[in-house]
Amino acid sequence: MKVLVLGAGQLARMMSLAGTPLNLKVSAYDVNSDTIVDPVTQQQLGTGLAQAIANADVITSEFEHIPYPVQELCQHSGKFLPNSTAIKAGGDRRQEKQLLDKAGVANAAYKIVVTEQDFYQAIEQLGLPLVLKSALAGYDGKGQWRLKTQADAPAVWADIQQFMAGADHTLPQAIVAEQFVRFDREVSLVGARNQAGDMVVYPLTENHHVSGVLAVSLALPGQQQLQQQAKQMFEAVASALDYVGVLALEFFQVGDKLLVNEIAPRVHNSGHWTQQGADTCQFENHLRAVCGLPLGSTALVRPTLMVNILGEDHVSPAVLSLPSCHLHWYGKGKRPGRKMGHINLSASSTSELAQRFDQLRQHLPEQEFPELDVVAARLKQLQ
Ligand code: AMP
């Protein structure tokens, strides 16, 4: 089968690598250059979306900020999975919030802000602190503001206005003002749904961020009660969207309750550990779902963690001398903060993983990997 992925980044690349043993041929549409490329080699295969759509058996996506006209062409072909409604919900926080409410899934209290009056009403109704997020343009912590005190309100509003003035005016811009959640930790659930409505989910993953960007994910055994709660929320959202493919839900954990922070209608960075830690990796399961193949087991085969390599194009090759340590580069040019690759580390138990992580840290400079001390302490607490 021929699969066309909208977006030609690392997620399309890893889909292609996972699909090859199944004889699935993955090509990628680079939305910015209007070219079709091999997502592994970046070799150009053609130009123009219409021809690429005609050539594909299935069309899917690796990101949610796809121009609406592109989505419409794909949707019209009848080959687009997941559907455009799901992609739009992932790319527009207003639609995302509506979806979560409709699915009856707990999320942070919010108000849509367009005018200055809305902004001050949000402060009054939701209280401070507030997290304000651009409805359309924000990801990885960008297009976001924190408002802690009433005295800061005029300056934050001025900043938001400036941001909105510089944003794309072909789409209606807005801000989602959210109550600040005092969470205990951030976790995510990656799962897959097929066309028949069957659903499988991976174990809940604990996520550690630096400046709003994922740094480390931990996939460890246990957490049955939370897993069950997360699975129910996943099923509610995936069913509401008639979703097909891999979907990720990011949560705040507050005590023993989960609140959805956001959804990602695609394979997700917090699921990269599945390449070494799960029976079937998320990339293969996404392809299986969209190609109408049976879904693979999502069982955790061994405790595994993932470390993102951000803004660096080199790590010591000595990391490969550690047992069950795997390096995945994305073949991208170096840029500060850019996701360049990741490391997966596995072990037979959480305590062995903690020991191996200590060895791994010796090869990763603290300046470039600032979150690792916190994660090491956390692993010791969990073992
Ligand atoms: P997001 O782009 O929505 O994932 O937000 C980036 C990061 O900001 C999250 O990973 C959280 O650490 C933090 N954050 C987002 N929304 C809230 C909120 N309502 N309350 C507290 N922290 C938040």
Side-chain angles (χ1 to χ4, degrees), residues 11 63-65 87-101 105-113 118-119 122-149 152-153 156 159-160 163-164 167 173-190 204-218 230 233-234 237 247-255 257-272 306-308 310 337-339 370-371 374-375 378:
L11 302 180
F63 76 125
E64 48 275 25
H65 297 289
I87 305 290
K88 285 178 181 160
D92 185 333
R93 292 186 194 273
R94 284 165 292 199
Q95 295 183 37
E96 185 178 42
K97 284 290 197 184
Q98 273 169 13
L99 163 72
L100 296 173
D101 291 346
V105 165
N107 61 91
Y110 69 99
K111 182 174 166 62
I112 310 292
V113 171
D118 298 334
F119 174 71
I123 298 172
E124 206 177 292
Q125 288 167 14
L126 302 171
L128 293 177
L130 273 186
V131 181
L132 299 123
K133 304 176 181 180
S134 157
L136 290 170
Y139 63 94
D140 282 347
K142 296 182 184 75
Q144 289 198 14
W145 301 264
R146 303 288 154 103
L147 178 60
K148 292 188 180 136
T149 65
D152 293 336
V156 169
D159 218 41
I160 289 175
F163 176 89
M164 296 228 275
Q173 296 289 330
I175 299 293
V176 175
E178 256 181 31
Q179 215 163 46
F180 186 84
V181 178
R182 288 185 173 76
F183 55 81
D184 298 307
R185 60 176 187 149
E186 292 186 82
V187 294
S188 61
L189 191 79
V190 174
L204 209 56
T205 303
E206 175 174 315
N207 300 318
H208 294 260
H209 298 86
V210 175
S211 312
V213 180
L214 184 65
V216 178
S217 289
L218 304 176
M233 293 162 107
F234 176 91
V237 174
L247 167 75
L249 262 56
E250 293 183 55
F251 303 98
F252 298 130
Q253 182 185 342
V254 185
K257 291 270 175 300
L258 296 175
L259 292 181
V260 171
N261 172 29
E262 60 182 5
I263 69 160
R266 54 176 167 80
V267 289
H268 193 251
N269 195 171
S270 71
H272 290 1
M306 184 229 50
V307 179
N308 263 343
L310 301 170
R338 195 176 198 192
K339 289 179 179 171
E371 187 65 10
V374 173
V375 175
R378 177 71 180 141

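Both counts, for ligands and for their atoms, begin at 1 and track the order of listing. Not measured: the values here are computed from a predicted model.
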Spatial distance of atom OG1 (Thr205) from atom NE2 (His268) [nearest 0.5 Å]: 10.0 Å

Heavy-atom pair of closest approach, residues [X] and [Y]:
| X | Y | value |
| --- | --- | --- |
| Ser217 | Asn207 | OG-OD1, 2.8 Å |
| Leu247 | Phe234 | O-CE1, 3.3 Å |
| Ala215 | Glu371 | CB-CB, 4.0 Å |

Hey, which atoms in ligand 1 end up nearer than 4.0 Å to a heavy atom of [X]?
| X | value |
| --- | --- |
| Glu186 | 9 (C), 10 (O), 11 (C), 12 (O) |
| Arg93 | 2 (O), 3 (O) |
| Phe252 | 11 (C), 14 (N), 15 (C), 16 (N), 17 (C), 18 (C), 23 (C) |
| Phe183 | 12 (O), 21 (C), 22 (N) |

Side-chain donor-acceptor contact under 3.5 Å, Asn308 with Lys339: no

Of the choices Gln179, Lys133, Glu262, Arg182, which has the non-hydrogen atom that lies closest to atom 15 (C) of ligand 1? Lys133

Only heavy atoms count here, so choose which of Arg146, His208, Glu96 is nearest to atom 7 (C) of ligand 1. Arg146

Between Val181 and ligand 1, does any nitrogen or oxygen pair lie at a separation below 3.5 Å? yes

Sequence-distant partners of Lys133, side-chain hydrogen bond (donor to acceptor under 3.5 Å, both in side chains), two or more places apart: Glu178, Asn261

